[in-house]
Amino acid sequence: MTRSPLLGVALCTLALSGCVAPAPDDSAYQSKAVQTAQAALSAARTALLTTRTHADDRLPSTYLEPVLVDAEQALDSVRTTFDSVQPPATSAADELRAALDPLLESAASDVTELRIAARRDRTGALASAADDLSGIADQLEAFAGEHGG
Amino acid sequence: MTDESFDDMTDESFDLRLRLLDRQVVDPDGAMICKVDDVELAPADGGGYVVTALLAGPLALGPRLPGRLGRWTVALARRWSDDPEPSPRRIPFERVTELGSAVVLDRSRDQLGIAGLEDWVRTHVIDRIPGSRHASE
Amino acid sequence: MKRLLSVFLGVLTAIGGFVDIGDLVANALAGARFGLSLVWVTVLGVVGICLFAEMSGRVAAVTRRGTFDLIRERLGPRAGLLNLVASLLVTVLTFTAEIGGVALALELATSVNYLLFVPVVGFAVWLVIWRLRFKVLENVFGLLGLALIVFPVALWKLNPAWGDLLHSIVAPHKPASEDLSTYLYYGVALFGAAMTPYEVFFFSSGAVEERWTAKDIATSRVNVFIGFPLGGLLSVAIAACAALVLMPAGIEVGTLGQVGLPVAVAVGKLGLAVAILGFVAATFGAALETGLSTGYSIAQYFGWQWGKFVRPRDAARFHVVVLLALIAAIACVLTTADPIKVTEYSIVFSAVALPLTYFPILVVANDPVYMGEHVNGRLSNALGTVFLGIIIVVAAAAVPLMLLTSAGQ
């Protein structure tokens with residue numbers, strides 16, 4: 001039974017498109033960036049709210065830990081997805097990336113700090129990581145507001 | 001029109017699809033036996049047909065399912081059966097005492113000797129799990 | 001007096017048993033993202049499930065037969081089989097989501113990774129189905145599910161502006177930042193979560209399990225018309241808590257932990273513990289229901305003996321089906337697919353499968369041959385037909401909306 005040539009073409013296209021996400025135009029990249037910022041904001045604020053509620057003794061550490069682990073994973077996944085998108089060759093796109101990337105990186109490392117401090121029950125480290133993350137979260141929110149629809 | 005004794009039915013003609021096919025078959029205690037997957041007809045004197053038996057099982061239902069699915073069901077059932085000439089499970093129509101919302105027979109499932117898969121599953125799987133003989137508590 | 005107590009118990013069980021992982025996720029998600037502008041969909045869904053649960057309960061009480069039994073009888077083996085396959089796929093998907101939900105709730109209680117709980121939960125589900133009497137099963141998890149009352153309590157403690165709250169429910173206003181297509185997509189999801197198909201199979205089969213007759217129709221109506229709406233109120237409270245706590249913070253719900261967060265903020269550790277108990281009870285109870293429903297649908301279609309009202313060995317194929325479905329569900333959860341994502345898909349596909357389930361119920365409930373004097377009245381029929389129209393529209397829109405919004409991005 002001969003294989004359909006169409007099938008071959010389809011498979012090749014699929015394989016190639018999987019390598020790198022297609023380079024979108026400026027507006028598509030911008031909405032992708034905003035989406036990313038919103039997802040990162042959500043994870044960051046979740047971590048913050050949960051940490052603060054834990055500090056107020058309204059939430060046990062058994063609840064805090066899985067929430068922080070999930071927030072950390074969410075931030076990592078959001079960052080990876082965003083980095084895998086090939087930006088269009090415009091200065092606007094580069095600016096967006098330059099603004100967003102460091103925020104994503106800081107947010108991820110702050111949440112990791114939170115998770116480690118939570119597990120080790122180090123309230124001091126918890127508070128300082130939370131302060132930093134709070135600032136990052138506000139910047140993410142500002143980014144999304146500035147570039148959002 | 002929920003309960004009618006069998007005797008009243010023998011002289012009337014009735015719509016097979018509406019009154020008999022795909023109905024639940026139960027024993028006198030209400031225990032579920034099978035569905036009427038198909039019926040066996042024989043020509044009646046004076047024209048028309050009379051129902052001679054209820055048929056059940058994949059060999060009976062298979063032919064009523066569409067296309068390839070139906071053929072595969074029948075093929076699988078044939079493969080599964082020990083019989084060289086497999087035929088569907090057959091309940092003679094004389095066993096039927098009532099044709100209401102369910103078809104009531106005059107014998108229990110074990111007495112009919114038609115359970116195939118149920119017996120196999122019971123012996124090989126369920127009875128091996130502790131507690132299968134006890135009613136739930 | 002005893003009668004009154006048993007009716008009261010029935011209502012409480014109906015309230016506590018109403019919410020499952022789909023409702024938890026859908027309402028929290030919608031609340032966090034859309035505020036209270038989608039509550040009208042939940043209300044609509046609750047009215048719908050009340051209508052069809054009453055019908056299917058009445059059908060089961062009068063005919064003493066389960067839904068799938070009658071679907072095949074009324075629609076024929078081919079339409080019945082299509083119905084069976086579609087419903088089964090959705091039910092097993094939901095089963096997977098519920099087991100994932102129990103494991104996630106236990107993770108929040110203990111910090112132990114949810115995957116480690118999955119085999120334990122699976123075994124527990126099977127054991128309960130194998131040994132526990134139907135009525136006990138229903139009552140225990142239904143009553144424990146009442147722990148979710150902690151959400152209305154949390155809502156009250158959050159001290160919202162009740163007037164504004166009510167206004168945003170009654171005069172819904174889609175947030176400007178969200179697309180209409182996303183709004184509608186989550187509307188579909190909420191609708192599917194409220195009107196889960198397995199509920200109908202379970203309710204009608206349960207009526208047969210408990211040996212209901214026409215005399216029990218009145219009790220069934222009380223359970224449905226009082227219990228389900230109050231259960232729906234719990235769903236709305238979950239959405240409102242999310243709207244008040246998560247939405248202002250920019251938090252979008254993607255984990256079970258976020259669903260419980262407002263309770264911790266409002267009520268503290270004790271409230272959170274009660275909420276986790278509620279999560280476990282609701283999802284475990286729903287896991288039992290979906291597991292049993294897989295057995296009910298297949299056994300009823302083929303005419304096999306089914307039910308917990310006989311010894312397991314007298315319903316061997318039924319129990320094997322449930323066991324196989326359980327194994328399949330456990331395997332799916334253990335693929336580490338995100339249980340919340342699985343839940344989202346299960347409720348959207350539930351919405352797609354709704355017409356298959358509800359159309360036959362409407363047909364049978366209208367058939368005087370089956371129902372005798374208990375056939376649908378004009379009101380039931382009018383409402384039923386209107387809802388069938390709504391259900392068909394929702395089912396048709398579900399997949400296009402899912403593709404359009406990339407599953408709600």
Side-chain angles (χ1 to χ4, degrees), chain A residues 21 28 31-32 34-75 77-78 81 107 115 118-119 121 133-134 136-149, chain C residues 28-29 32-33 103-117 154 157 175-179 182 242 244-273 275-276 279 336 338-341 405-406 408-409:
Chain A
S31 42
K32 184 71 196 163
V34 168
Q35 213 177 66
T36 306
Q38 283 169 338
L41 174 70
S42 172
R45 287 268 169 80
T46 304
L48 281 168
L49 184 58
T50 318
T51 307
R52 194 172 67 225
T53 316
H54 169 76
D56 291 340
D57 203 32
R58 298 176 82 78
L59 190 143
S61 39
T62 46
Y63 199 97
L64 177 65
E65 216 178 291
V67 171
L68 289 179
V69 169
D70 283 337
E72 198 181 349
Q73 281 171 358
L75 277 167
S77 127
V78 149
T81 313
R115 180 185 47 83
R119 201 170 276 170
D121 209 11
L133 185 59
S134 182
I136 302 291
D138 292 338
Q139 288 180 61
L140 281 167
E141 194 169 20
F143 180 95
E146 196 181 315
H147 301 284
Chain C
L29 221 153
R33 222 168 138 169
L104 286 177
L106 292 172
E107 180 185 64
L108 291 169
T110 61
S111 282
V112 174
N113 187 280
Y114 81 100
L115 290 170
L116 296 173
F117 283 115
K157 290 209 100 186
S177 54
E178 299 279 4
D179 289 334
T182 328
L244 288 171
V245 175
L246 303 179
M247 193 176 188
I251 296 176
E252 289 175 7
V253 172
T255 66
L256 191 60
Q258 288 158 328
V259 178
L261 207 49
V263 176
V265 169
V267 189
K269 277 184 178 171
L270 185 61
L272 195 60
I276 293 178
F279 289 167
T336 73
D338 180 7
I340 302 294
K341 278 275 168 297
T405 63
S406 315
Q409 298 301 13

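Note that this is a predicted model, so its numbers are computed, not measured. Order of the sequence lines fixes the chain letters, A, B, ..., with proteins taken first and strands second; residue numbering starts at 1 for each chain.
Proximity to chain A is limited to the backbone of C:Leu256, based on heavy atoms less than 4.5 angstrom apart. Contact annotation for C:Ala32: neither backbone nor side-chain heavy atoms come within less than 4.5 Å of a heavy atom of chain A. Only the backbone of C:Val267 comes within contact range of chain A, judged by heavy atoms closer than 4.5 Å. With a 4.5 angstrom heavy-atom cutoff, A:Asp56 does not touch chain C via any of its atoms. Interface residue C:Thr255: only side-chain heavy atoms are found under 4.5 Å from chain A. Using a 4.5 Å cut-off between heavy atoms, A:Thr53 touches chain C through its side chain atoms alone. Contacts of C:Ala109 with chain A are made by backbone atoms alone, with heavy-atom separations under 4.5 Å and no side-chain atom involved.
Residues C:Ser111 and A:Pro66 share a closest heavy-atom pair of OG-CD, 3.6 Å. Closest of all the heavy-atom pairs between C:Leu272 and A:Pro60 is CD2-CD, 3.6 Å.
Formation of a donor-acceptor pair under 3.5 Å by the A:Thr62 side chain with backbone atoms of C:Thr110 is not found in this model. Between the side chain of A:Arg58 and the backbone N or O of C:Lys269, no donor-acceptor pair lies under 3.5 Å. The backbone N or O of C:Glu252 sits less than 3.5 Å from a side-chain atom of A:Ser42, completing a donor-acceptor pair.
Environment of CG in C:Leu115: crowded, with over 12 heavy atoms of neighbouring residues, nucleotides or ligands closer than 6.0 Å.
Here the CD1-OG1 distance, from C:Ile251 to A:Thr46, works out to 4.0 Å after rounding to the nearest 0.5 Å. Here CD of A:Glu65 is found 11.0 Å from CG of C:Asn113. Values are rounded to the nearest 0.5 Å.
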Would A:Leu49 and C:Leu261 satisfy side chain to side chain contact (heavy atoms under 4.5 Å, CB included), going step by step from the backbone distance to the final call? CA-CA 8 Å; A:Leu49 184 58; C:Leu261 207 49; 3.7 Å; yes
